[in-house]
K.L.:
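One structure, as structure tokens, below. Some questions next.
Numbered from 1 within each chain, the chains take letters A, B, ... in sequence-line order. Quantities reported herein were computed from a predicted structural model and do not represent experimental measurements.
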Amino acid sequence: MAGGIERKSINRTHGPDAPHGEFHRVGKRARKVDGIGKATGQAVYADDIQLPGMLHAKTLRSPHPHARIVSIDTSKAEALPGVHGVITGADMPTKYGVIPWTPDENALAVDRVRFVGDEVAAVAAVDEDTANAALRLIEVEYEVLHPYLDPKESLERHDPAIHEGNKKGNISKHVELEFGDVAAALASSAHVIEDDYAFHGTAHAPIEPHCAVAQAGHDGVLTLWSSTQIPHYVHRALAKVLDIEAHRIRVIQPHLGGAFGGKSDPFYFEFCACLLAMRTGRPVKFLLTREETFYTHRGRHPMDMHFKTGCDADGKITAVDSKILIDGGSYSSFGLVTTYYAGQLLCGPCHFPTYRFDSTRVFTNKPPCGPKRGHGSVQPRFALEIQLDRLATKVGLDPIEFRRRNFQGSNVETVNGQTVTSNGFVECLDTIETASGWKDKRGKLPRGRGIGMAGSMYISGTNYAVYPNDMPQAGIVVKLDRSGLAMVYTGTSDIGQGSSSVMATIVAEELGLRMDQVRVVAADTDLTPVDLGAYSSRITLMAGNAAVDASRKLRKQVQEAVGEHLDVPAGRVILADGWAFDAQDGDKRIPSREAFELAESKFETLAAAGSYNTPERGGDYRGGTIGASPAYSFTAHAAEVEVDFETGEIHVEKVWIAHDCGRAISPVQVEGQIEGSTYMGVAEVALEDHAVFDDPAHPEAGLHMRPSLLEYTIPTSVDTPELEAHIIESIDPEGPYGAKEAGEGPLHGSLPAVANAIYDATGVWMTKLPFTPGKVLAALRAHESGTPTGEEA
Amino acid sequence: MVTLRINGREHQLDGLDPEMPLLWALRDHLGLTGTRFGCGKGQCGACTIHVDGKATRACMYPIGSLGERTVTTIEGLASQADQALQDAWVEHQVPQCGYCQAGQIMTAAELLANNPTPDDEAIDTAMSGNLCRCGTYQRIRAAIKTAAIKTAGAKR
């Protein structure tokens, strides 16, 4: 995807060490910058924005999973008192998509609807009731088409194709890559495990429904406040679809009420809010209902996975071979990347000398899938880690020992050509082994109770932007002034993961400030330099490095000015805790406010921009840059479960997680990400199931089966296992002070660790998610009657 | 004309449908946006407020049914125990995205008002109707305990 762009070498200023000998802010258990606002209700989210004269907009959606739009008549809706604007697909025919190679979405349907809930028209009115009444007056004539609700059918049939003109029929993307001779390696393996695995599909379900407010100002500037995690990509998409010069558009992301990948596409309501605001001359708000958020979706892809893994007599892995069918739903979204990630992100922390994957994403007439926390790799990781446990069992090795034996090491190249720098996986294994009491439990707990584990890796940002360019991935501006305040302007999106606190911590560390002396302005395309957004776990490493870069330029000026003032060499001036002082004589000191005054007198206005771009990375083959990252995080999970033989219910009692995040800039936040990731992953094992009625003859074909928080059961406090998070610091050469990601990696192992624990508890390998009580009971009974589960070679 | 008694003040609102959920009146007509919309069906708890001290879903409560009852929102939390709760929330870094947290705090405030020293089970049971998608439940538990200890200490 680099598209021939040559990467300029950027002078990287970060290093693993503290700028002033010891850390004063990094690694401390400080408060989050937005903690008080969020505990008092004062934090402003998109739906909290009320503007004078604001209209409320609603969406007309397709009742059919697949249909041609014969005609739309909006005249009656337009005539309804209180209605100010009605728009349809004809008003915005330009296609878009977050991945520029696959633009197959329209803000509103043009000629064709592709899932129940696809957006057909939008109305802005004085209030929601009036807008809803107007929707009922819009007359749409549909010609119903054959609905594709089974991904296997999409592989074979494409008349009619879901996307007309798609040369690959109903195939969205196909990737087949082989590294080494897999067939030969499997043929000469002492043990081979071959089995089918399934992931069912889950939703993000953030508690904040999507919301956007648009205002077309008299100054010719269009402003959009949106619950997005990618303001920059939204900015670009608005300019394209609305055909407005980008400099006349401003995108602001207010506080965001959870995203988890579900707010990382440009969405129809963002375009519609803008167009309606321009047409009506009044601000326009879209607030999706909970039901609509389930149709807007972009959740984790259902996958059918066939895996074959071999090892030698000593338990050294010889080959991994997978074939994966991915149900993409109706549009591409990030699907091109998903298809690659389903294979590319498995090549650690265990080494395998040969590897092949063949993954195919197909279109179906269901809500579009996209990236959910751990994008693309949670599903195949589930399969692989069960395969590894089964091989360990074959060889007679403890699962933890099996992984130790296959550990790839640090500073290595993976079989698919990715560069791994730091790798603390063995420390992760040691930690969960001790913390969970593994040796006293594995194979020793009473029947029905078991412990299992899994390992995983994840990217700290993707090496290349979704559109090829030679500009930095992350930019930041820091301004100091005579008040003693450091203002940080960053394009990063704090979606709850705490990126603004991380930026503040780094700037405070570098400039020797207390946390209250740093304030952050984030995610406002007018005020902040471009950052590509909160996806791929990229912010801490990338924007963190940019923050170090900007801060060090200013630090040098402050040190120089203070050195002159104190009559000591600049290199001897330490900035820490709100003071500037002589390293050799702590009594020679001035407050940072005075230090900034001195620097401003000497150097004039104090501001510095910092940038970060990625190093050259990736395999030398088509697609070899997808999955490339400057640094990878590593995680080990151990889960203890109780299986009820009467009801088939699984209770996950406790999960121990050790996560190598390089360095924990903000340890409490890292622990929070570990806990939140694992909570979310465990919920995908048995509780959550995003599914639509998939029988084409069913009268409700294509309807979501559980579009509410009563039916789509996300865990409550009583459903959540105890979570024990451990931080492993491998100090990576690429990250700021050695930091890597923490927001997504610690989800992956949650699922296979539970599956492997179920084996320990029952002797049964569960392979098809979700593990509903019915399925568990059936598997237990089959096991008791001697029917083998899974094919063994 | 509807009279709403909210956070110790009376508000006269004209022309509102008595069937309007209290959540809409709070957010759109009184500017009290700390109470959030999450589902509109009483399933998530993001809109939890107190009606006569009892934790209640504002999205399911028609303004016409309030009568003389008094309403407290996150903006109106004022007692020492409530402040201790909010402090503990910040101290334990409970909020990640923060969207559900006003509702969580309102439910926790009711819990502590009725049971000043709740154990884990009492906390989990009381809090089980408030969903958090960032998975902050065990921090919520810890924060409630911290607040309970502080409040008990202050009373002594």
K.L.:
Give the ring-plane orientation class for B:F37 versus B:W24, where under 30° counts as parallel, over 60° as perpendicular and anything between as tilted.
P.N.:
perpendicular

K.L.:
So which part of B:L131 gets closer than 4.5 Å to some heavy atom of chain A, the side chain, the backbone, both or neither?
P.N.:
both

K.L.:
Applying salt bridge (charged side-chain N to carboxylate O under 4.0 Å, His left out), can you list everything that pairs with A:R29, at least two apart in sequence or on another chain?
P.N.:
A:E671

K.L.:
Is A:E208 close to chain B through its backbone or its side chain, or both, or neither, when contacts mean heavy atoms under 4.5 Å?
P.N.:
both

K.L.:
Where on A:L723 is there a heavy atom nearer than 4.5 Å to chain B: the side chain, the backbone, both, or neither?
P.N.:
both

K.L.:
Is A:E292 in contact with chain B via its backbone, its side chain, both, or neither, using a 4.5 Å heavy-atom distance?
P.N.:
neither

K.L.:
Under 4.5 Å heavy-atom distance to chain A, tell me which part of B:Q138 shows up: side chain, backbone, both or neither.
P.N.:
side chain

K.L.:
Counting only non-hydrogen atoms closer than 4.5 Å, does A:I49 touch chain B with its backbone (N, CA, C, O), its side chain (CB onward), both, or neither?
P.N.:
neither

K.L.:
Under 4.5 Å heavy-atom distance to chain B, tell me which part of A:A259 shows up: side chain, backbone, both or neither.
P.N.:
neither

K.L.:
What part of A:S677 gets within 4.5 angstrom of chain B, counting heavy atoms only: side chain, backbone, both, or neither?
P.N.:
neither

K.L.:
Less than 4.5 Å to any heavy atom of chain B: does that hold for the side chain of A:Q669, its backbone, both, or neither?
P.N.:
both

K.L.:
Let me know if A:I495 has heavy atoms under 4.5 Å from chain B in its side chain, its backbone, both or neither.
P.N.:
backbone

K.L.:
Are A:H690 and A:H297 close enough that their ring centers fall under 6.0 Å?
P.N.:
yes

K.L.:
Which bit of A:T720 comes within less than 4.5 Å of chain B, counting heavy atoms only: side chain, backbone, both or neither?
P.N.:
side chain

K.L.:
Could you tell me which portion of A:I207 (side chain, backbone, both or neither) has an atom closer than 4.5 angstrom to a non-hydrogen atom of chain B?
P.N.:
both

